[in-house]
Peer 1: 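Got a structure for you, written out below as structure tokens; questions coming shortly.
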There are 2 protein chains.
Amino acid sequence: MPRQNLNIRQLAEKAGVSTSTISRVLNNSGYVRQEVRAHVERIIAETGYIPSGIAKHLKSSRSNMVGVIIPRINSFASSEITAGISTELAESDLMTILGNSANSPDAEMNYIEIFKRQRVCGVIILATVLTERHLEAMNDLGVPVVVVGQDASASGFPSVLQDERRAARQITDYVLRCGHRRVGLIGVADWDVQVGCERKGGWVDALRAAGIEPRPEDIALGGFDLTDGAAGIDRIVPFVSDTTPTAVVAVTDRLAIGAMSRLLERRTRVPDEVSIVGVGDIDVASVYSPKLTTIHFDYFGTGKAAAEMLIATLDGETTDLRRVMPFDLRIRDSVSILD
Amino acid sequence: MPRQNLNIRQLAEKAGVSTSTISRVLNNSGYVRQEVRAHVERIIAETGYIPSGIAKHLKSSRSNMVGVIIPRINSFASSEITAGISTELAESDLMTILGNSANSPDAEMNYIEIFKRQRVCGVIILATVLTERHLEAMNDLGVPVVVVGQDASASGFPSVLQDERRAARQITDYVLRCGHRRVGLIGVADWDVQVGCERKGGWVDALRAAGIEPRPEDIALGGFDLTDGAAGIDRIVPFVSDTTPTAVVAVTDRLAIGAMSRLLERRTRVPDEVSIVGVGDIDVASVYSPKLTTIHFDYFGTGKAAAEMLIATLDGETTDLRRVMPFDLRIRDSVSILD
DNA sequence: GTGAAAGCGCTAACAA
DNA sequence: TTGTTAGCGCTTTCAC
């Protein structure tokens with residue numbers, strides 16, 4: 001029966017006690033005689049009374065809502081991170097409020113304001129870019145903020161990051177160890193600090209460490225789509241010859257798959273004629289044919305870590321200002337051994 | 001500067017007006033002299049005042065929060081649906097509160113209570129199963145509920161559904177039109193009404209309409225993982241011969257890809273030796289090799305539709321009790337033409 | 001047009 | 001141990 005939800009006063013009346021006693025029973029605070037507690041609990045069960053969290057938080061002025069800003073929830077990494085965040089928050093009875101920013105800085109700013117209005121107790125932001133305006137707004141928020149995917153520790157915000165540069169370096173090292181000397185790069189624009197700069201940087205590091213100077217003509221920069229991967233490979237390896245790269249590092253798995261898909265259309269064999277690697281280990285990487293050699297990131301764990309850091313801050317504990325997530329190399333079938 | 005957020009009373013004092021006037025300016029309600037409005041607005045801008053939504057809703061007792069229960073946000077369909085929901089809700093200034101149920105009915109029940117406590121103004125639930133307990137709790141909620149993926153219209157809940165049975169029937173029809181007479185099924189357990197029963201039902205419908213009686217030995221039921229797809233194909237088509245199916249319908253793309261991946265390992269050619277189709281059109285379906293012939297569902301649109309129905313109900317408008325989303329057949333390269 | 005005052009449902013001193 | 005009371009920050013009659 002869909003009963004009218006009553007309030008604490010009506011309940012108190014029904015139970016023949018004061019509202020404070022109800023409140024004490026509800027929150028297990030203060031002293032309540034055992035019998036009274038039992039009686040109140042029975043009335044609560046009978047009436048199906050559910051207290052208003054909103055009124056409670058108005059009073060205590062600290063809510064249990066955490067705002068989470070996500071650029072694009074319908075992507076593998078984002079959705080895993082979100083799952084990690086909300087799972088961890090739920091453990092501490094915190095609610096996840098979703099802010100889908102669709103990669104628009106304006107929408108992000110807007111959500112920061114909305115979250116402030118809702119008096120969230122904290123915010124987790126997955127940003128591809130963090131401008132001065134963002135940082136300022138995050139400061140003005142007046143509640144703890146944790147950043148995922150960008151390093152904002154210099155501005156005082158706890159950040160959890162992938163070790164992008166070392167990851168890219170490591171997979172490039174692997175390609176080099178397989179005997180490839182001419183290794184191309186399918187990357188993304190530089191304004192994306194992590195994927196754009198850092199992963200590209202790791203590729204450069206690896207090449208230089210092997211005494212190879214990266215060549216501009218072996219680099220293709222674009223967006224994040226499958227088609228960008230296809231366009232990239234067409235640019236770097238328009239045909240297979242002695243003068244084109246024998247291997248290509250794509251900075252994301254999606255780009256790598258776009259590239260492999262294009263090569264298949266061109267009837268170029270992977271890895272026999274061209275080797276391809278990615279970064280990220282999205283779920284299809286391991287079932288694509290050939291199975292993609294890539295870097296595995298723990299996105300779910302990343303989300304969990306961010307939530308942990310936020311909770312710690314909320315509890316007044318101190319946390320690291322930077323947490324760098326581990327990664328590992330998943331060697332599969334998309335790289336040929338040349339030596 | 002991270003100013004202390006002041007309240008409406010302090011603001012009223014600063015502006016030299018009453019709190020009611022502030023409220024009127026804030027909500028564009030009632031009469032306020034033009035100059036006074038301008039003045040108040042300036043003060044608001046100067047102080048960076050942001051009103052507390054929580055206090056507002058305590059008073060008006062209608063919040064702007066919508067609870068969304070998702071079984072597993074880190075899956076392609078769920079995350080697309082969630083994106084659609086939150087995008088549409090945001091248009092109407094409604095917040096999305098995420099409830100990650102991890103497929104556990106208990107967690108779902110729990111979220112219903114949490115949402116009630118938070119006094120959400122509505123709930124959208126993506127359920128794989130809807131028990132009596134669910135329906136009862138949804139009734140007790142006292143706010144509009146929209147169901148996605150299951151038909152709860154009989155219980156009075158607006159539902160938005162995929163046309164699962166017709167979708168499965170249509171793709172099976174296509175396989176039959178290509179000349180296949182022996183068509184297997186990789187399915188999932190029956191407790192999943194939509195994917196388990198309906199999709200399987202569509203497969204049966206198509207076969208019977210073609211005068212073919214479905215054979216139990218051509219059916220493999222299991223879970224939703226890639227490995228279940230692999231196990232399924234091993235069971236139905238352990239080897240290629242005249243006595244095994246020439247084509248297999250997998251009830252999800254993920255299962256289809258698991259099956260194709262396994263066939264590749266077995267060096268069985270798709271579609272030359274065995275044809276495979278899926279349902280869902282997840283993002284990799286179109287880049288897998290061979291490109292997967294499947295049914296395309298508009299998951300983002302499904303989420304949007306659910307949100308629209310909820311908003312309409314909230315606004316006191318009437319909506320359909322059932323909304324069946326359209327789908328279309330995406331013919332690609334994973335079915336061989338036999339005739 | 002504007003302000004005073006009475007709550008929305010709860011918590012937390014303070015008294016008893 | 002329990003009840004009384006005064007708010008939390010806002011909206012909304014109802015006077016003026």
Side-chain angles (χ1 to χ4, degrees), chain A residues 3-41 43-44 47-65 114 116-121 142-143, chain B residues 3-41 43-44 47-65 93 114-121 142-143:
Chain A
R3 257 177 266 76
Q4 264 305 56
N5 205 1
L6 20 69
N7 63 30
I8 200 172
R9 228 180 330 279
Q10 298 168 293
L11 191 80
E13 201 167 347
K14 262 202 168 54
V17 296
S18 74
T19 58
S20 348
T21 300
I22 304 281
S23 176
R24 282 192 268 262
V25 171
L26 249 26
N27 301 290
N28 272 309
S29 63
Y31 301 96
V32 182
R33 193 145 38 93
Q34 202 37 250
E35 317 144 42
V36 177
R37 176 181 300 272
H39 175 235
V40 169
E41 271 164 355
I43 301 281
I44 290 179
T47 55
Y49 167 72
I50 294 189
S52 161
I54 184 164
K56 170 171 179 160
H57 294 128
L58 171 59
K59 182 66 192 165
S60 47
S61 86
R62 198 252 212 188
S63 80
N64 63 343
M65 298 179 283
I114 292 176
K116 186 166 187 178
R117 188 184 306 271
Q118 286 302 314
R119 304 294 194 255
V120 297
C121 63
V143 296
Chain B
R3 256 177 266 79
Q4 265 304 56
N5 205 1
L6 22 68
N7 64 27
I8 200 173
R9 222 175 341 274
Q10 299 169 292
L11 191 79
E13 199 167 347
K14 261 200 169 52
V17 296
S18 75
T19 59
S20 346
T21 300
I22 303 282
S23 176
R24 282 192 267 262
V25 171
L26 248 27
N27 301 292
N28 272 312
S29 65
Y31 301 96
V32 181
R33 192 146 39 94
Q34 201 37 252
E35 317 145 43
V36 177
R37 177 181 299 275
H39 175 233
V40 169
E41 271 164 355
I43 301 283
I44 291 178
T47 55
Y49 167 71
I50 294 188
S52 160
I54 184 166
K56 169 172 181 160
H57 296 128
L58 171 59
K59 184 68 193 163
S60 48
S61 84
R62 197 250 213 189
S63 80
N64 62 344
M65 298 179 283
D93 287 321
I114 291 176
F115 289 162
K116 186 166 188 181
R117 188 185 304 270
Q118 287 301 312
R119 303 295 194 255
V120 298
C121 62
V143 296

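So that the names make sense, note that chain A is the first sequence line, chain B the second, and so on, each numbered from 1. Computed from a prediction, not measured in an experiment: that's the story for all the values here.
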Peer 1: Under 4.0 Å from a heavy atom of chain B: give me the 5'-most and 3'-most nucleotides of DNA chain D that qualify.
Peer 2: D:dC8 to D:dT12
Peer 1: Tell me every residue that passes side-chain contact (heavy atoms from CB on, under 4.5 Å) with A:Leu58, counting only those two or more places apart in sequence or in another chain.
Peer 2: B:Ala55, B:Leu58
Peer 1: Could you pull out the closest heavy-atom pair between A:Ile54 and B:His57, with the gap in Å?
Peer 2: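 Residues A:Ile54 and B:His57, closest heavy atoms: CD1-CB, 3.7 Å.
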Peer 1: So, for B:Gln118 and A:Asn64, which heavy atoms are closest and what is the spacing to 0.1 Å?
Peer 2: NE2-OD1, 3.4 Å
Peer 1: Between C:dA13 atom C1' and A:Tyr31 atom OH, what is the distance in whole Å?
Peer 2: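 It is 15 Å, rounded to the nearest whole Å.
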Peer 1: Report the distance from atom CD1 of B:Ile8 to atom P of C:dC8, rounded to the nearest whole Å.
Peer 2: 18 Å
Peer 1: Can you measure A:Asn27 atom CG to C:dG9 atom C1' for me and round it to whole angstrom units?
Peer 2: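 From A:Asn27 CG to C:dG9 C1': 13 Å.
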Peer 1: For the pair A:Lys56 and A:Lys59, evaluate side chain to side chain contact (heavy atoms under 4.5 Å, CB included) and give the outcome as yes or no after the intermediate values.
Peer 2: CA-CA 5 Å; A:Lys56 170 171 179 160; A:Lys59 182 66 192 165; 5.9 Å; no
Peer 1: Could you pull out the closest heavy-atom pair between B:Pro51 and A:Arg117, with the gap in Å?
Peer 2: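 Minimum heavy-atom separation between B:Pro51 and A:Arg117: O-CG, 3.3 Å.
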Peer 1: Tell me if a side-chain donor or acceptor on B:Gln10 pairs with a main-chain N or O of B:Asn7 at a distance below 3.5 Å.
Peer 2: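 Flag set: sc B:Gln10 to bb B:Asn7 pair under 3.5 Å.
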Peer 1: My understanding is that only residues two or more places apart in sequence, or in another chain, count here; which of them pass side-chain contact (heavy atoms from CB on, under 4.5 Å) with A:Ile114?
Peer 2: A:Asn110, A:Tyr111, B:Met95
Peer 1: Nearest nucleotide by nearest heavy atom, which residue falls closer to the 5' end of DNA chain C, B:Arg37 or A:Leu26?
Peer 2: B:Arg37
Peer 1: If I compare all heavy atoms of A:Thr19 with all of A:Ala12, which pair ends up nearest, and what's the gap?
Peer 2: N-CB, 3.8 Å
Peer 1: Just the rounded figure in Å: distance from P of C:dG7 to CG of A:Asn7.
Peer 2: 13 Å
Peer 1: What's the CZ-C1' distance between B:Arg9 and C:dG3, to the nearest Å?
Peer 2: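 It works out to 14 Å between those atoms.
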Peer 1: Enumerate the residues from residues 13-22 of chain B whose closest heavy atom to DNA chain D is under 4.0 Å, giving them by residue number; use none for an empty result.
Peer 2: B:Ser20
Peer 1: For residues 6-30 of chain B, which residue pairs qualify under salt bridge (Lys or Arg N to Asp or Glu O under 4.0 Å), counting only residues two or more places apart or in two chains?
Peer 2: none
Peer 1: For residues B:Thr47 and B:Leu11, report the shortest heavy-atom separation together with the two atoms involved.
Peer 2: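 Minimum heavy-atom contact is OG1-CD1, 3.5 Å.
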Peer 1: Which parts of residues 49-59 of chain A get close to DNA chain D, meaning a heavy atom less than 4.0 angstrom away?
Peer 2: A:Leu58, A:Lys59
Peer 1: Rounding to an integer number of Å, can you tell me how far B:Arg24 CZ sits from C:dA4 C1'?
Peer 2: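 These atoms are roughly 11 Å apart.
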Peer 1: Answer whether the closest heavy-atom distance between the side chains of B:Ile44 and B:Leu26 falls below 4.5 Å.
Peer 2: yes
